[in-house]
**Student:** 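Below is one structure. I have some questions about it.
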Amino acid sequence: MTTKLFLNARIFTPFDHGRPSSGDRQGDIQVFPEGALLAKDGLIEAVGSVEEVLRKAEQVSVQLETDCSGLCMIPGFVDPHTHMCFAARRENEFSMRLAGASYMEIHKQGGGILSSVEAVRRASEDELFQVTLENVLSALSFGTTTLEIKSGYGLDTPSELKMLEVIRRISRETPLDIVATFMGAHAIPSCYKDDPESFVDLLVKEMIPEVKVQGIAEFIDVFCEKGFFTPEQSRRIMEAGISAGMIPKIHADEVVDTGGAGLAAQVRSISAEHLLAANPHNLRAMAEAGTIANLLPGTAYSLRKDYADARKMIELGVPVALATDCNPGSCFTESMPFVFGLAVMMMKMTPLEALVASTLNSAYAIKRAHLVGSLSVGKQADFLLVDGESPAIFAYHAGVSPVKEVYKLGEYVA
Ligand code: NIG
Ligand code: FE
């Protein structure tokens, strides 16, 4: 039994209304200018003004007191969309893009996702584990305390299971909470390029059932995009995943509008990812269905694309979450502070909206809001001490991480 008291922080935490915050509530934040947090056995026992929390602390014996004067306290970041499990970087492709090649052109030449597939297939489980671990610990140092990681660079049953096994190991061997997503439908492997339907059959008849048997992934994701999976194929894969007990997500309208956002609403996907090219009609359908928009502004930055229309989504009542998309191709960053800064500067979200998007709504996007995402009594004491006056610091102090200390379950971890 350990009880710890953190005093004199300027606390910013989302209000958790029991569902993702949207519209007027997208920036619904509670502020305690002179705040304190009491953590007991890793959970939040009390949070509020110093006065209130001290009153509560008098009833228990406090083992450790930390003075947080001059720092902000916010919940640990929740990154609900990453492809952090990969074997090799693709910096050469980035340079090709800078020289004018498009993401799609590189993919068509056998680069892109398919080159990551070759690297993952060649790598041993230990090699894959080491690269993934490095990415995950870097994310932790930037304040991410809960993280989703997708498979999808294996594209055959043994290699997909190898990735999911590595993700499971990462979850056991690091302090972070890790959530696994099966994304066997990330690209059509070269050997199926003339017969994509047979690959969809393999996904539905072999891979999804095997992932179910292993009980190794909670979510299923599909890359619904021109040149990848059609909306019809995506629907079939998501429905097979749902039948196998997985929760659906979908990469939708990242490059062109194929109607992925509408499909997300129809199949009651928990979230739709990217949405750079989504049309307003389908965004409205998402708002009605309560589908979370997982926005990944680092990808627009890295691909030099127009950013997703976050203001429109908020106006329509779509709950917005933020994620890094960390992957070796379309966006290589582990930094939620970077994504936060882009959301404010390039998508014109307010700092408070971006804070809700990167903590509470992102926790909802991976079904972890009962545990994390806000500094609420009973949730995990996962929080950051930040060198700034307010969450605006993440946009203001550009190109660095203002995160000074990272706490997971009340313990200092980075
Ligand atoms: O979210 N769009 C599909 N998947 C990733 C890119 C993966 C890669 O290029 O390796 C994304 O952008
Ligand atoms: Fe992605």
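The basis for the numbers below is simple: all heavy atoms, side chains too, and nothing from hydrogens, waters or symmetry mates. For ligands, and for the atoms within them, numbers begin at 1 and follow the listed sequence.
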**Student:** Closer than 3.5 angstrom, by distance alone: can the side chain of Asn294 be matched with the main-chain N or O of Ser362 as a donor-acceptor pair?
**Tutor:**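 No, because the side chain of Asn294 does not come within donor-acceptor range (under 3.5 Å) of the backbone of Ser362.
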**Student:** Taking only heavy atoms of Arg90 into account, list the atoms of ligand 1 that are under 4.0 Å away from them.
**Tutor:**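 That gives atoms 8 (C), 9 (O), 10 (O) of ligand 1.
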**Student:** For the ring pair Phe229 and His186, is the centre-to-centre distance below 6.0 Å?
**Tutor:** no
**Student:** Spell out, as yes or no, whether a donor-acceptor pair under 3.5 Å connects the side chain of Ser269 to the backbone of Ala272.
**Tutor:** no
**Student:** To which protein heavy atom is atom 4 (N) of ligand 1 closest, and what is the distance rounded to 0.1 Å?
**Tutor:** His186 NE2, 2.7 Å
**Student:** Tell me whether Glu273 reaches ligand 1 (any heavy atom closer than 4.0 angstrom to a ligand atom).
**Tutor:**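 For ligand 1, residue contact (heavy atoms, under 4.0 Å) with Glu273 is absent.
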**Student:** Using the side chain to side chain contact (heavy atoms under 4.5 Å, CB included) rule, take Leu64 and Thr2 through it: C-alpha gap first, then chi angles, then the decisive distance, then the call.
**Tutor:** CA-CA 8 Å; Leu64 191 78; Thr2 41; over 6 Å; no
**Student:** Quick test: of every protein heavy atom, which one is nearest to atom 2 (N) of ligand 1, and how far off is it to 0.1 Å?
**Tutor:**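 Answer for atom 2 (N) of ligand 1: Glu254 OE1, 2.7 Å.
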**Student:** Heavy-atom contact check, 4.0 Å cutoff: does His107 meet ligand 1?
**Tutor:** no
**Student:** Which residue holds the protein heavy atom closest to atom 5 (C) of ligand 1, what is that atom called, and what is the gap in Å?
**Tutor:** His83 NE2, 3.5 Å
**Student:** Looking at atom 11 (C) of ligand 1, what's its closest protein heavy atom, distance included?
**Tutor:**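 For atom 11 (C) of ligand 1, the nearest protein heavy atom comes out as Asp325 OD2, 3.2 Å.
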**Student:** Of the options Asp325, Asp221, Asn327, which is the one that meets His83 in a side chain to side chain donor-acceptor pair (under 3.5 Å)?
**Tutor:** Asp325
**Student:** Within the 4.0 Å heavy-atom shell around His81, which atoms of ligand 1 are there?
**Tutor:**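 In order of number, 1 (O).
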**Student:** Please could you name the atoms of ligand 1 that Ser330 approaches to less than 4.0 Å, counting only its heavy atoms?
**Tutor:**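 Those atoms are 5 (C), 6 (C), 9 (O), 11 (C), 12 (O).
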**Student:** Would one find an N or O of Thr299, backbone or side chain, under 3.5 Å from an N or O of ligand 1?
**Tutor:**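 Between Thr299 and ligand 1 (N or O atoms, distance only) the closest approach is not under 3.5 Å.
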**Student:** Quick one: nearest non-hydrogen protein atom to atom 10 (O) of ligand 1, plus distance?
**Tutor:** Tyr153 OH, 2.6 Å
**Student:** Against ligand 1, does Glu225 come closer than 4.0 Å with any heavy atom?
**Tutor:**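 It does not, in that no heavy atom of Glu225 comes within the 4.0 Å cut-off of ligand 1.
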**Student:** Under a heavy-atom criterion of less than 4.0 Å, does Tyr103 contact ligand 1?
**Tutor:**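 Contact present.
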**Student:** Does Phe228 have a heavy atom less than 4.0 Å from any atom of ligand 1?
**Tutor:**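 False for this residue.
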**Student:** Pull up every protein N/O/S atom sitting under 2.8 Å from the Fe ion (ligand 2), skipping waters.
**Tutor:**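 Short answer, with waters excluded from the count: His81 NE2, His83 NE2, His251 NE2, Asp325 OD1.
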**Student:** Got Ile366 and Lys249 here, is their nearest side-chain heavy-atom distance under 4.5 Å?
**Tutor:** yes
**Student:** Is Arg122 paired with Glu127 through a side-chain N to carboxylate O contact shorter than 4.0 Å?
**Tutor:**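 The answer is no: the pair does not qualify as a salt bridge.
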**Student:** List ligand 1 atoms under 4.0 Å from Gly329, heavy atoms only on the residue side.
**Tutor:** 9 (O)
**Student:** May I ask you to say whether Arg368 pairs ionically with Glu218, meaning some side-chain N is under 4.0 Å from a carboxylate O?
**Tutor:** yes
**Student:** Looking at Lys150 and Glu148, is any side-chain nitrogen of the basic one under 4.0 Å from a carboxylate oxygen of the acidic one?
**Tutor:** yes
**Student:** Using 4.0 Å as the upper bound for N to carboxylate O, is an ion pair formed by Arg168 and Glu165?
**Tutor:** yes
**Student:** Do the side chains of Arg169 and Asp126 get close enough for a salt bridge, i.e. N-O under 4.0 angstrom?
**Tutor:** yes
**Student:** Can any side-chain N or O of Lys404 pair as donor or acceptor with the backbone N or O of Leu71 at less than 3.5 Å?
**Tutor:** no
**Student:** Check Glu160 with Arg121, please: is the shortest side-chain N to carboxylate O separation under 4.0 Å?
**Tutor:**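 Between Glu160 and Arg121 there is no salt bridge, as every charged N stays at least 4.0 Å from the carboxylate O atoms.
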